[in-house]
Amino acid sequence: MREVGPRDGLQMIRSVMPTGTKLRWIAAMAEAGIPEMEVASFVPPAAMPQMADATEVVGSLRASHPGLQVMALAPNLRGAQNAAAAGAQAIVLPVSASEAHSRSNVRRSRAEQVAEFRRVVEWARTLGAARPSIEAGISTAFGCSLQGEVPEREVIALAAELAGAGADAVALADTLGYASPRQVRRLVRAVRLELGPVRLGNLHLHDTMGTGLANVLAGLEEGVRGFDAALGGLGGCPFAPGSVGNIDTEDLVYLLESEGFDTGIDLAALIETRALLQEGLPGEVLHGRVARAGIPRTFHPAREAAARPAEAAPEAVPATPRGTTGPLHGIRVLEFTHMIMGPSCGMVLGDLGADVIKVEPGPEGDNTRRLMGAAIGFFPSFNRNKRSLCLDLKRPESLELVRRLAAEADVVLENFRPGAMDKLGLGHADLSALNPRLIYCSCKGFLPGPYEHRAALDEVVQMMGGLAYMTGLPGKPMRAGSSVNDIMGGLFGVIGILGALREREATGRGAHVQSGLFETNMVLMAQHMAANAITGQNPPSFGDPAMVKPWSVYDVFDTADPGEQVFVGVVTETQWRGFCEAFGLSDLLRDPALATQAQRVLDRSRYLHRVAEVFRRLSKAELMARCEALGLSFAPIARPGDLFDDPHLRNSGGLLDTEMASAEGAARVAPGGTAARPLAGLPALPVAVDGARLGLRRQPPRSGEHSLEIAREAGLSEAEIGRMAAAGLLWAPDLPMAAE
Ligand SMILES: CC(C)(COP(=O)([O-])OP(=O)([O-])OC[C@H]1O[C@@H](n2cnc3c(N)ncnc32)[C@H](O)[C@@H]1OP(=O)([O-])[O-])[C@@H](O)C(=O)NCCC(=O)NCCSC(=O)C[C@@](C)(O)CC(=O)[O-]
């Protein structure tokens, strides 16, 4: 919070405030907690008699308020030198984006004022460590009453030029108060991208059109954390006709505190300082809604609200249960995917609360819906919590809608063949040029390198990446029984996206995230590569009887129930003792050849057949109950169909009741055309946050189920949507299909 009333506010008032009253007013505001203030303007007193006491004001405040950041405005080198001599810790030099305003305000062209700014920076450098910081304030950044529109690209270029000239910060000023929140978002975003977050200075807003506080919110959303304001809403630029008051400091404090930002300012004490302002400016009308209405009893400063126990909080909207909105609520993902790797990445983002739009070819949608055999379950497993938009991307007329969506999206996600998205005009270069904040995630077979042009499947990378060797029998490589790399590759994509989202908060810039199937498999192989490096040998595979199991008991055993097996693990000395005693094998404890785990591991044949005999006499249920009572690790050998009834999964929110209708391949398996289970509990994400699981907000969509609502949200008129549908560019189940 920077108070600019003593400078921007007073320069618009004809009467001159007595220096003594001014100093008392500024002191009172500082004591109310205002941390920094523009207290004067170093201009010729003849031009602005209100500022004739600038040197005295700055000098006196530096002496009386060492904790206050004392700042001043100076239009030129001479003013900056005077300000520094008086003791100003920071100097703001105005540089107009509007040529006409520049000539009216500082009687120089914009280029001449930039040159003046350079001179100021160069002079300041000669002062060494004690120099004041030099800020550039870009006036009329959002429009000008003299010139009219101020092109955004000129403001961005000016900001870059001033930063390049050595500005410590570059602030954006809406001198006329014409800005809208949308304009603030765009310009702040672009300038921040150009300068980085550190050198983006304050947002200086006026409230001419009543949009001041709305613009503050837009700035906050774009990461701005410094705002100028004037007590009593005074202010304006005498050289920009039509310029009226700054946003009001008291109202801004009310807004920021209510939004949870701790300004460190005592609002009541601040409002009291209006009396001193009024005393110095008798007859002047002061603005400000909070001061007029009084601070409501419902107001709780951020620090106080944070310290209040939850039950004492005002009747709060009940916290939205996690899983209803989720931590990625507000993030928009545009997904172009098929199979597993891309869809699983999008589903995790959707589970975390993002709005995921899956763009599918029409009218039948993603081919994955119609896969058969072992792939029959792919679609419903990896496409919940998404909306479906059916578009023909091969026709350039469709691309306008996709571009509109990409311009507003946070994330684009794709897993097509290398180069396929570029061919469509939707590659990273195309879309990031459209939306520099975009995070573009490509899930591919291989990361950049010699193999990057290759297509890949999970099985391919399991074979070439050693996993099939490690899983199979000697001479019989075997892939893992699930698409481990596809799913994990999608997850690594999510991790990259989350990192890029976090980084974007600081830089304002998106990123190209890439995730590779082969490289994912290599994460799984690290332990075996390390084993090879240590022993000098390839480890035997898990299917190889020669593999040395590192524990006393770590095997699958038959039980008395025909065909039913149980895995049991005995992995510590304590477990071994308890196990032998409980199962009538105490003699093994007395055998000196089996005294340590290291001995047992090398001589398992000496006792494992005894263990197997004992277990074969017990039912599956009895064996598991005894293992559970003993605290041993054990597991039944489950098949997929057993898992729907697993009591732990069922009673812990671990299964999400998912419609199977999107698995269209099922119609060809089950006679009669219906899947065996129209609704099935499929696994939720394996994480709980504060004890809650992430849930199902949307069933896997029908193809094109949300085409209409998405097209409308993107701003297409009904007529445009109708034309696209008639031309066979866009499909929705409730629209008449295009003529074949
Ligand atoms: C999987 C492959 C090999 C298939 O490779 P592919 O068959 O060559 O297909 P594609 O995915 O590259 O191309 C899709 C085509 O559809 C088009 N298209 C797309 N959307 C639209 C639309 N809306 N409207 C109109 N057209 C559309 C798109 O433009 C493109 O057109 P083309 O360039 O061929 O003319 C490849 O995609 C790839 O390498 N992807 C990256 C790596 C990857 O994801 N691999 C894993 C996929 S396999 C999997 O997930 C399951 C599996 C098999 O691994 C399971 C297991 O083994 O356990």
Side-chain angles (χ1 to χ4, degrees), residues 334-347 357-379 381-383 388-399 401-402 405-406 412-427 430 441-448 451-465 467-468 471 477-493 513-521 524 665 701 703-704 707 710 724 727-732 738:
L334 202 54
E335 176 187 307
F336 303 86
T337 69
H338 64 159
M339 304 289 232
I340 293 182
M341 192 188 191
S344 67
C345 179
M347 184 183 79
I357 296 177
K358 183 179 173 87
V359 183
E360 306 186 59
E364 292 180 323
D366 182 352
N367 280 331
T368 312
R369 294 173 182 273
R370 287 169 295 284
L371 294 179
M372 299 281 288
I376 202 166
F378 283 6
F379 196 88
S381 304
F382 302 108
N383 287 287
S388 167
L389 165 67
C390 265
L391 273 186
D392 185 354
L393 297 177
K394 293 272 175 61
R395 310 250 305 269
E397 309 93 289
S398 302
L399 294 190
L401 174 54
V402 178
L405 292 168
V412 159
L413 165 63
E414 63 95 11
N415 79 319
F416 291 132
R417 179 195 327 122
M421 289 294 275
D422 296 305
K423 213 164 88 183
L424 292 169
L426 299 173
D430 304 299
C441 177
S442 301
C443 293
K444 292 284 177 255
F446 304 88
L447 290 181
Y451 302 156
E452 69 184 290
H453 58 281
R454 294 189 191 172
L457 306 173
D458 202 330
E459 200 149 323
V460 169
V461 302
Q462 291 197 37
M463 296 295 167
M464 68 191 284
L467 188 57
T471 310
M478 187 183 291
R479 58 159 293 163
S482 178
S483 308
V484 284
N485 292 304
D486 283 319
I487 297 168
M488 268 181 60
L491 279 178
F492 282 122
V513 173
Q514 292 162 286
S515 164
L517 271 185
F518 179 53
E519 285 79 359
T520 296
N521 185 88
L524 298 173
S703 69
S707 296
I710 294 166
M724 284 187 77
L729 301 167
L730 175 138
W731 288 268

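Numbering starts at 1 and runs along the sequence shown. Indexing begins at 1, ligand by ligand and atom by atom, following the structure's order.
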What's the verdict on side-chain contact (heavy atoms from CB on, under 4.5 Å) for Val402 and Phe336, showing C-alpha distance, side-chain angles and the deciding distance? CA-CA 11 Å; Val402 178; Phe336 303 86; 3.7 Å; yes

Hey, mind stepping through Thr520 and Leu517 against side-chain contact (heavy atoms from CB on, under 4.5 Å) and telling me if it holds? CA-CA 5 Å; Thr520 296; Leu517 271 185; 5.5 Å; no

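Of the options Glu414, Gln514, His453, a side-chain hydrogen bond (donor to acceptor under 3.5 Å, both in side chains) to Lys444 is made by Glu414 and by none of the others.
For ligand 1, the polar-atom distance check against Leu457 finds no nitrogen or oxygen pair separated by under 3.5 Å. At least one N or O atom of Pro361 sits closer than 3.5 Å to an N or O atom of ligand 1. Any N or O atom pair closer than 3.5 Å counts here, and Asp458 shares at least one such pair with ligand 1. The shortest N or O to N or O distance between Leu391 and ligand 1 is below 3.5 Å. Among the atoms of Leu424, none of the N or O lies under 3.5 angstrom from an N or O of ligand 1.
Close approach of ligand 1 to Lys444 (heavy-atom distance below 4.0 Å) involves ligand atoms 41 (C), 42 (C). Against a heavy-atom cut-off of under 4.0 Å, Asp392 is close to the following atoms of ligand 1: 24 (N), 25 (C). The Ser483 neighbourhood of ligand 1 comprises atoms 55 (C), 56 (C), 58 (O), with distances under 4.0 Å to a heavy atom of that residue. Distances below 4.0 Å separate heavy atoms of Met341 from the following atoms of ligand 1: 44 (O), 50 (O). Interface of Glu360 with ligand 1, defined as ligand atoms under 4.0 Å from a residue heavy atom, comprises 23 (N). Atoms of ligand 1 lying under 4.0 Å from any heavy atom of Glu459, numbered from 1 in the order shown and given with element: 57 (O). Below 4.0 Å from some heavy atom of Ala455 lie the following atoms of ligand 1, by number and element: 3 (C), 39 (O). Of all atoms in ligand 1, listed by their number and element, those nearer than 4.0 Å to a heavy atom of Phe378 are 51 (C), 55 (C).
Only the side chain of Lys423 comes within 4.0 Å of ligand 1, judged by heavy-atom distances. Contacts between Asp486 and ligand 1 below 4.0 angstrom, taking non-hydrogen atoms only, involve the side chain exclusively. Counting heavy atoms under 4.0 Å from ligand 1, residue Phe336 does not touch it at all. Of all the heavy atoms of Cys390, none lies under 4.0 Å from any atom of ligand 1, so neither backbone nor side chain is involved. Heavy atoms of Asn485 found under 4.0 angstrom from ligand 1: none, in either backbone or side chain. Within the 4.0 Å heavy-atom criterion, the part of Cys443 lying near ligand 1 is the backbone and not the side chain.
Looking only at heavy atoms of the protein, atom 44 (O) of ligand 1 is closest to Asn415 ND2, 2.8 Å. Nearest protein neighbour of atom 7 (O) of ligand 1, counting heavy atoms only, is Arg417 NH2, 4.7 Å. With respect to atom 45 (N) of ligand 1, the closest heavy atom belonging to the protein is Ala456 O, 2.9 Å. From the protein, the heavy atom lying nearest to atom 42 (C) of ligand 1 is Gly445 N, 3.5 Å. Protein heavy atom in closest approach to atom 57 (O) of ligand 1: Arg479 NH1, 2.8 Å. In this structure, the protein non-hydrogen atom closest to atom 20 (N) of ligand 1 is Phe416 CZ, 3.7 Å. In terms of protein heavy atoms, atom 26 (N) of ligand 1 is closest to Lys394 CG, 3.7 Å. If you check which protein heavy atom lies closest to atom 1 (C) of ligand 1, you get His338 NE2, 3.8 Å.
Ring-plane geometry between Phe446 and Tyr451 is classed as perpendicular, the angle between the planes exceeding 60 degrees on a 0 to 90 degree scale with a lower cut at 30.
Within a 4.0 Å radius of atom 50 (O) of ligand 1, the protein contributes one or more non-hydrogen atoms. At least one protein heavy atom sits closer than 4.0 Å to atom 24 (N) of ligand 1.
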